[in-house]
Amino acid sequence: MKRIHVTLIITSLILIISAFFTGRLYSDKTRENVLQGVEKELQSIARIKTDNFKNWYDDELGDARLIALNPALVSAINEWQNSQTEEKLVVLKEILNAIGSEHSHSNISLYTPKGELIIASNRLAPKALQDSVFRHAIERKKTVASGFYRS
């Protein structure tokens with residue numbers, strides 16, 4: 001009788017321990033599957049956000065290229081450079097401010113190919129940022145945008 005009780009207790013303990021470890025294994029596997037699912041979902045979201053950002057940035061650069069070729073802007077720049085009058089400067093700043101408002105930019109600056117500031121539509125970015133952006137544009141011979149403040 002005693003032997004049956006010991007066997008029963010040992011069997012019960014083995015079943016309880018087995019149940020615990022099986023439950024623990026199942027719980028760990030479930031947690032791992034959930035984490036993998038969340039990781040895949042976050043990667044998908046990041047990929048979508050990256051694609052959206054790239055499309056937005058490419059669109060902004062395309063807009064900048066078109067703006068740079070705008071006949072009214074080119075004419076206003078040439079007229080201001082030829083006469084350097086306050087009246088021509090006001091007209092040029094108005095055009096730049098209109099472009100800035102249209103595209104939600106706080107400042108549009110024009111530089112010479114040597115990096116000298118010609119004009120800024122309103123407040124200037126820090127000098128280090130201007131230099132960095134300008135060098136980047138010159139090295140790559142491409143239009144660049146200096147700030148990403150939109151979501």
Side-chain angles (χ1 to χ4, degrees), residues 12-151:
S12 296
L13 283 174
I14 290 173
L15 287 174
I16 289 170
I17 291 171
S18 295
F20 172 77
F21 283 113
T22 302
R24 176 68 185 220
L25 183 64
Y26 176 77
S27 172
D28 289 348
K29 192 64 174 166
T30 302
R31 190 170 125 241
E32 185 180 320
N33 287 341
V34 168
L35 288 175
Q36 286 176 350
V38 169
E39 183 179 347
K40 286 179 183 176
E41 186 175 340
L42 288 174
Q43 286 174 344
S44 295
I45 290 169
R47 193 170 21 261
I48 289 168
K49 287 287 189 182
T50 301
D51 290 346
N52 286 346
F53 180 77
K54 183 185 178 322
N55 291 338
W56 168 80
Y57 185 67
D58 289 346
D59 183 58
E60 287 296 307
L61 291 180
D63 288 349
R65 284 184 206 95
L66 288 175
I67 290 166
L69 299 173
N70 180 312
L73 176 61
V74 172
S75 175
I77 291 169
N78 288 333
E79 288 178 21
W80 178 75
Q81 283 184 317
N82 290 335
S83 70
Q84 298 278 324
T85 65
E86 186 65 28
E87 178 186 325
K88 300 295 182 186
L89 179 63
V90 169
V91 169
L92 181 55
K93 279 191 174 187
E94 285 176 357
I95 292 172
L96 293 176
N97 284 330
I99 292 167
S101 290
E102 171 74 24
H103 295 278
S104 302
H105 298 304
S106 62
N107 184 41
I108 297 176
S109 303
L110 302 176
Y111 293 86
T112 67
K114 293 181 181 176
E116 299 161 352
L117 178 67
I118 296 173
I119 189 171
S121 62
N122 52 39
R123 69 177 188 266
L124 289 174
K127 180 80 169 116
L129 176 61
Q130 292 175 24
D131 291 344
S132 168
V133 170
F134 183 77
R135 272 195 309 279
H136 182 78
I138 291 297
E139 287 169 4
R140 289 168 180 77
K141 296 184 181 192
K142 288 186 175 183
T143 304
V144 295
S146 63
F148 306 107
Y149 305 107
R150 286 199 256 175
S151 173

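It should be emphasised that the depicted structure is a prediction, and the values quoted were computed from it without experimental measurement.
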Can you give me every donor-acceptor pair (side chain of residues 81-90, partner residue at least two apart or in another chain, under 3.5 Å) with its distance?
| unit_1 | atom_1 | unit_2 | atom_2 | d |
| --- | --- | --- | --- | --- |
| Asn82 | ND2 | Asn78 | O | 3.1 |
| Ser83 | OG | Glu79 | O | 3.0 |
| Thr85 | OG1 | Lys88 | N | 3.2 |
| Lys88 | NZ | Glu79 | OE1 | 3.1 |

- Task: Output all residues satisfying salt bridge (Lys or Arg N to Asp or Glu O under 4.0 Å) with Glu94, sequence neighbours left out; order by chain, then residue number.
- Result: none
- Message: Going by side-chain hydrogen bond (donor to acceptor under 3.5 Å, both in side chains), name the residues that satisfy it together with Ser101, two or more places apart in sequence or in a different chain.
- Response: none
- Query: Between atom CG of Asp63 and atom CD of Glu102, what is the distance when rounded to the nearest 0.5 Å?
  - Reply: 8.5 Å
- Query: CG/Leu42 to CD/Glu39 distance, rounded to the nearest 0.5 angstrom?
  - Reply: 8.0 Å
- Task: Look at the rings of Trp56 and Phe53 and say which category their plane angle falls in: under 30° parallel, 30 to 60° tilted, over 60° perpendicular.
- Result: tilted
- Query: Quick one: side chain to side chain contact (heavy atoms under 4.5 Å, CB included) partners of Asn70, sequence neighbours excluded?
  - Reply: Ala72, Leu73
- Query: Considering residues at least two apart in sequence or located in another chain, which fulfil the side chain to side chain contact (heavy atoms under 4.5 Å, CB included) criterion with Ile14?
  - Reply: Ile10, Ser18
- Task: State the CD-OG1 distance between Gln43 and Thr50, to the nearest 0.5 angstrom.
- Result: 11.5 Å
- Message: Taking side-chain hydrogen bond (donor to acceptor under 3.5 Å, both in side chains) as the definition, give me every residue that meets it alongside Asp51, ordered by chain and number, with sequence neighbours left out.
- Response: none
- With Asp28, which residues qualify under salt bridge (Lys or Arg N to Asp or Glu O under 4.0 Å), at least two apart? Arg24
- Dump the intermediate steps for side-chain contact (heavy atoms from CB on, under 4.5 Å) on Leu92 and Ile77, then the final yes or no. CA-CA 7 Å; Leu92 181 55; Ile77 291 169; 3.6 Å; yes
- Residue list, side chain to side chain contact (heavy atoms under 4.5 Å, CB included) with Gln36, at least two apart or on another chain: Glu32, Asn33
- Query: Once you round to the nearest 0.5 Å, how far does CD1 of Ile99 lie from CG of Leu66?
  - Reply: 11.0 Å
- Residues passing the side chain to side chain contact (heavy atoms under 4.5 Å, CB included) test with Glu41, sequence neighbours excluded, are Ile45
- Lys40: what forms a salt bridge (Lys or Arg N to Asp or Glu O under 4.0 Å) with it, not counting sequence neighbours? none
